[in-house]
Amino acid sequence: MDYIRFVSDLVMKQNSSETSKLDKEAIENMPDGSSHPYFYKGDGKINFTDVSESWGTASMKGYFNGASYADLNNDGNLDVVINCLNAPAMILKNKLPAKNTIDIAFKGSDKNKNGIGAKVWVFTKGKMQYGQLMTTRGFQSSCDPKLHFGIDNLRYIDSILIVWPDQKYQLLKNTPAKGYIEVKQVEAGGQFDYNTFFKPAKQLFENISSQVACTWAHRENDFLDFNKQYLTPHMQSTRGPRLAVADVNKDGLDDFFVCSAIGQPGQLMIQTASGKFISTDTSVFAKAKQSEGVDAVFFDANNDGAPDLYVVSGGNQYDDNDANLADHLYMNDGKGHFALAEAALPAKLKNKSCVSVSDIDKDGDLDLFVGGLADAKRFGIAQPSYLLLNDGKGNFKQADGSVIKSGNLGIVTSASFTDLNNDGWNDLVVAGEWMAVKIFMNKNGRFTASEIQASTGLWQTIYTTDINGDGFTDILAGNWGHNSKLYSGKNGPLKLYVKDFDGNGSVEQVMAYTLDGKEYTFLAKDELERSLPVLKKAYLKYSEVAGKTVDYMFYDLFKDYTTLKAEILGSCYFYK
């Protein structure tokens, strides 16, 4: 990055026609960039481990821009040839103890003499290996035009299926693992049909959208969270659309409501006897189209036997106290038509995320827990969630701290009511980003909070059920996952430091990952500088902070912050 910035500066400030002089100055400022060749060992399950140290290449420093492999000494092991810049090429001899292998050479017809493009499946003892003959390995690089398969200690191969580029094929059975065979295209015949040899899995689901005339499509509004809070880890305004399902008109058929983004009304879709869906009460829901529906639930709010509808508003676009952050309760007339209950809810004008329903006090009506998500201006500052108590007629008021302490609960994304201890009272499980899985035990309508130890994560969803059949409810928690840079190569918790670091009145977020007990900023210097120009004043070059920890990089500013962490990024199953 220093080099890129240096070259850009040269071009801007000098006569770029003096290329030789510019090139010399640029090269003098270029980082070294030397490294070593890497070997990764696979386990057969798409997991790979860096074995450069044990396989002998970690000590080979240089500049490498091409590699190829071949059995150079015909001992059955693949050797490696590496091209090196400004240095002799390297030949790495494979000293692995001999095991059985097979090399398949191809004698093609017409102009494709080497059979380039041929495919081979090798079957041994219930296992399958696959290869396609493609010799290219980079610019002006090629490998030996043979396919090499390891057979371990087996003496015979159950079968070999060869498919030539013209789709003719041949099947060799009970082939000795003798090291080398040559196959000829003229001996192939028939026309290969993949489904004949590899039976397709039975499709469990069929797309019938066109048959049911469900033409509604979600349209995300044009809003970029990073324009408002540049350092937030990811967008919070694109979490929808969620669905709520119920038989709203008592015809024995499930109907559904789908939430929508700002500018698009939510839709109630009524199922007909023919299985098609029609949109209804569009004018009712259109009045709230400037609110972003982030979750919804059907429940009987006023005990008339008909499912009413609660829609949660959020989206991260509006600041606190904006009228468009108001939730909406729609009352069902018993025939599947809805009207907005104007004054049934307390005004909670904050960004919210989820809703869960239960009769928490056993008074015969259903109450609501509404999860608070993130502040549109101060991501990382814990937000309140709400327990709304029903008076039995569909009017709700917020429970106070004597019932549940849910103020500043965190960045809640999901919640579920369930009876965890089988005492007949529904408890509450709550999860969210940068927070632990929290448990609220219900005793006679009052909740006591605790949390699962060492369970902080970037939780996205909670589902409660008895997984192991022991009679107690367990918890399935969906997390951010391992397939991201937040997890890859890290061996410690993810951290988020929240503070007005530069004292300009706005809150910044500095995400850091942990490696071998040390914490490093996730974003690079130039990305952090967009919101924190103070860093640019402190460090002119990348080389000054490269490899430095987050506390070094932020020096005197690294104090009096709020710390959030995520110890777990994988989805989990929690049980007693």
Side-chain angles (χ1 to χ4, degrees), residues 242-259 266-271 280-281 283-285 287-288 291 293-313 326-348 352 354-371 385-400 402-404 406 415-420 422-430 440-447 464 473:
R242 289 184 177 178
L243 300 172
V245 178
D247 178 7
V248 302
N249 55 2
K250 299 182 181 180
D251 64 353
L253 301 172
D254 278 340
D255 315 298
F256 69 88
F257 177 85
V258 56
C259 298
Q267 292 286 306
L268 176 63
M269 308 297 290
I270 301 296
Q271 187 176 179
T280 188
D281 290 344
S283 61
V284 174
F285 301 114
K287 295 177 182 178
S291 294
V294 294
D295 199 10
V297 64
F298 285 110
F299 74 112
D300 187 359
N302 56 359
N303 287 331
D304 66 351
D308 308 303
L309 175 65
Y310 187 95
V311 182
V312 184
S313 296
D327 295 349
H328 300 88
L329 177 63
Y330 299 96
M331 306 304 291
N332 189 340
D333 66 357
K335 300 178 181 179
H337 293 288
F338 289 80
L340 178 65
E342 298 283 354
L345 302 174
K348 298 301 175 187
K352 298 171 293 295
C354 61
V355 60
S356 189
V357 180
S358 175
D359 181 4
I360 65 103
D361 46 15
K362 292 190 176 181
D363 64 352
D365 53 50
L366 294 174
D367 310 300
L368 302 169
F369 175 83
V370 181
S385 294
Y386 312 99
L387 181 61
L388 303 181
L389 301 179
N390 193 345
D391 67 356
K393 300 177 182 179
N395 300 304
F396 292 82
K397 66 176 183 179
Q398 183 180 347
D400 59 29
S402 66
V403 177
I404 188 171
S406 60
S416 177
F417 280 110
T418 186
D419 187 358
L420 291 172
N422 291 344
D423 66 350
W425 294 82
N426 271 348
D427 312 300
L428 176 65
V429 183
V430 178
F440 291 86
M441 299 303 296
N442 185 351
K443 185 175 182 180
N444 300 324
R446 298 184 183 276
F447 292 87
T464 52
T473 301

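Residue numbers run from 1 in the order of the sequence given.
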Undergrad: Within the structure provided, determine whether Asp247 and Asp255 are in side-chain contact (heavy-atom separation under 4.5 Å).
TA: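 Yes. Closest side-chain heavy atoms under 4.5 Å.
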Undergrad: Heavy-atom distance under 4.5 Å between the side chains of Leu387 and Phe447, does that happen here?
TA: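 Yes, close enough: below the 4.5 Å cut-off.
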Undergrad: Sequence neighbours left out, what passes side chain to side chain contact (heavy atoms under 4.5 Å, CB included) with Lys362? Give chain and number order.
TA: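 Listed in chain order: Trp425.
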Undergrad: As an exercise, state the distance from CG of Asn390 to CG of Asp359, rounded to the nearest 0.5 Å.
TA: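 Answer rounded to 0.5 Å: 8.5 Å.
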Undergrad: May I ask you to test the Tyr310-Leu388 pair for a side-chain heavy-atom distance under 4.5 Å?
TA: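 Yes, side chains in contact.
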Undergrad: Show the nearest heavy-atom pair for residues Gly305 and Lys250, with the distance to one decimal.
TA: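 Looking at all heavy atoms of both residues, the shortest contact is O-CE, 3.5 Å.
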Undergrad: Please verify the inter-ring angle class for Phe338 with Phe285; under 30° counts as parallel, over 60° as perpendicular, anything in between as tilted.
TA: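 Rings of Phe338 and Phe285: tilted, 30 to 60°.
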Undergrad: Can you tell me how far the CG atom of Asn302 sits from the CG atom of Asn332, to the nearest 0.5 Å?
TA: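 Reported value, rounded in 0.5 Å steps: 8.5 Å.
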Undergrad: Nearest 0.5 Å, what's the CG-CG distance between Asn444 and Asp423?
TA: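 Result: 8.5 Å between the selected atoms.
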Undergrad: In sequence, state the C-alpha distance, the side-chain angles, and the governing distance for Asp308 and Asp300, and then conclude on side chain to side chain contact (heavy atoms under 4.5 Å, CB included).
TA: CA-CA 5 Å; Asp308 308 303; Asp300 187 359; 3.7 Å; yes
Undergrad: Between Asn249 and Lys335 (side chain of the first, backbone of the second, donor and acceptor by atom type, cut-off under 3.5 Å), is there such a pair?
TA: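 No; judged by distance alone, with no hydrogens or angles, the pair does not exist.
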Undergrad: Examine distances only and state if a side-chain atom of Asp295 and a backbone atom of Val355 form a donor-acceptor pair shorter than 3.5 Å.
TA: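 Such a contact is found between Asp295 side chain and Val355 backbone.
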Undergrad: Contact between Val248 and Phe257 at the side-chain level, heavy atoms closer than 4.5 Å - yes or no?
TA: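 Contact flag for Val248/Phe257 side chains = no.
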Undergrad: Apply ring pair (Phe, Tyr, Trp, His ring centres under 6.0 Å) to the pair Phe369 and Phe440, showing each step before the final yes or no.
TA: CA-CA 12 Å; Phe369 175 83; Phe440 291 86; 7.1 Å; no
Undergrad: Excluding sequence neighbours, so at least two apart, what forms ring pair (Phe, Tyr, Trp, His ring centres under 6.0 Å) with Phe256?
TA: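 With neighbours one apart ignored, the set is Phe277.
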Undergrad: Considering all heavy atoms of both residues, which atom of Gly394 and which atom of Leu329 are nearest to each other, and what is their separation?
TA: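 Gly394 and Leu329 have their closest heavy atoms at O-CD2, 3.6 Å.
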Undergrad: For Lys352 versus Lys348, what's the shortest heavy-atom pair and its separation?
TA: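 That closest heavy-atom pairing would be NZ-O, 2.9 Å.
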Undergrad: Please report the closest heavy-atom contact between Ser291 and Ala326, naming both atoms and the distance.
TA: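 Smallest interatomic distance, heavy atoms only, reads OG-O, 4.2 Å.
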Undergrad: Nearest 0.5 Å, what's the OG-CG distance between Ser356 and Leu368?
TA: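 Those atoms lie 8.5 Å apart.
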Undergrad: With side chains defined as the heavy atoms from C-beta onward, is the minimum distance between Val403 and Arg446 less than 4.5 Å?
TA: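 The answer is yes; the side chains approach within 4.5 Å.
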Undergrad: For residues Ser385 and Ser406, report the shortest heavy-atom separation together with the two atoms involved.
TA: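 Shortest heavy-atom separation between Ser385 and Ser406 comes out as O-OG, 2.8 Å.
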Undergrad: Output the distance between atom CD1 (Ile360) and atom CG (Asn442), rounded to the nearest 0.5 Å.
TA: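 Result: 6.0 Å between the selected atoms.
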Undergrad: Got Asp427 and Asp419 here, is their nearest side-chain heavy-atom distance under 4.5 Å?
TA: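 Asp427 reaches Asp419 side chain to side chain.
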Undergrad: With no hydrogens and no angle check, is any side-chain donor or acceptor of Gln267 less than 3.5 Å from a backbone partner on Val258?
TA: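 The answer is no, because no donor-acceptor pair under 3.5 Å joins these two groups.
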Undergrad: Does the side chain of Lys397 reach to within under 4.5 Å of the side chain of Asn395, using non-hydrogen atoms?
TA: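 Not in contact.
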Undergrad: Can you give me the closest heavy-atom contact between Met441 and Leu420, atom names plus distance?
TA: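 Of all heavy-atom pairs spanning Met441 and Leu420, the closest is SD-CD1, 4.1 Å.
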Undergrad: Starting at CG of Leu268, measure out to OH of Tyr330 and round the result to the nearest 0.5 Å.
TA: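 Going from the CG atom of Leu268 to the OH atom of Tyr330 covers 11.0 Å.
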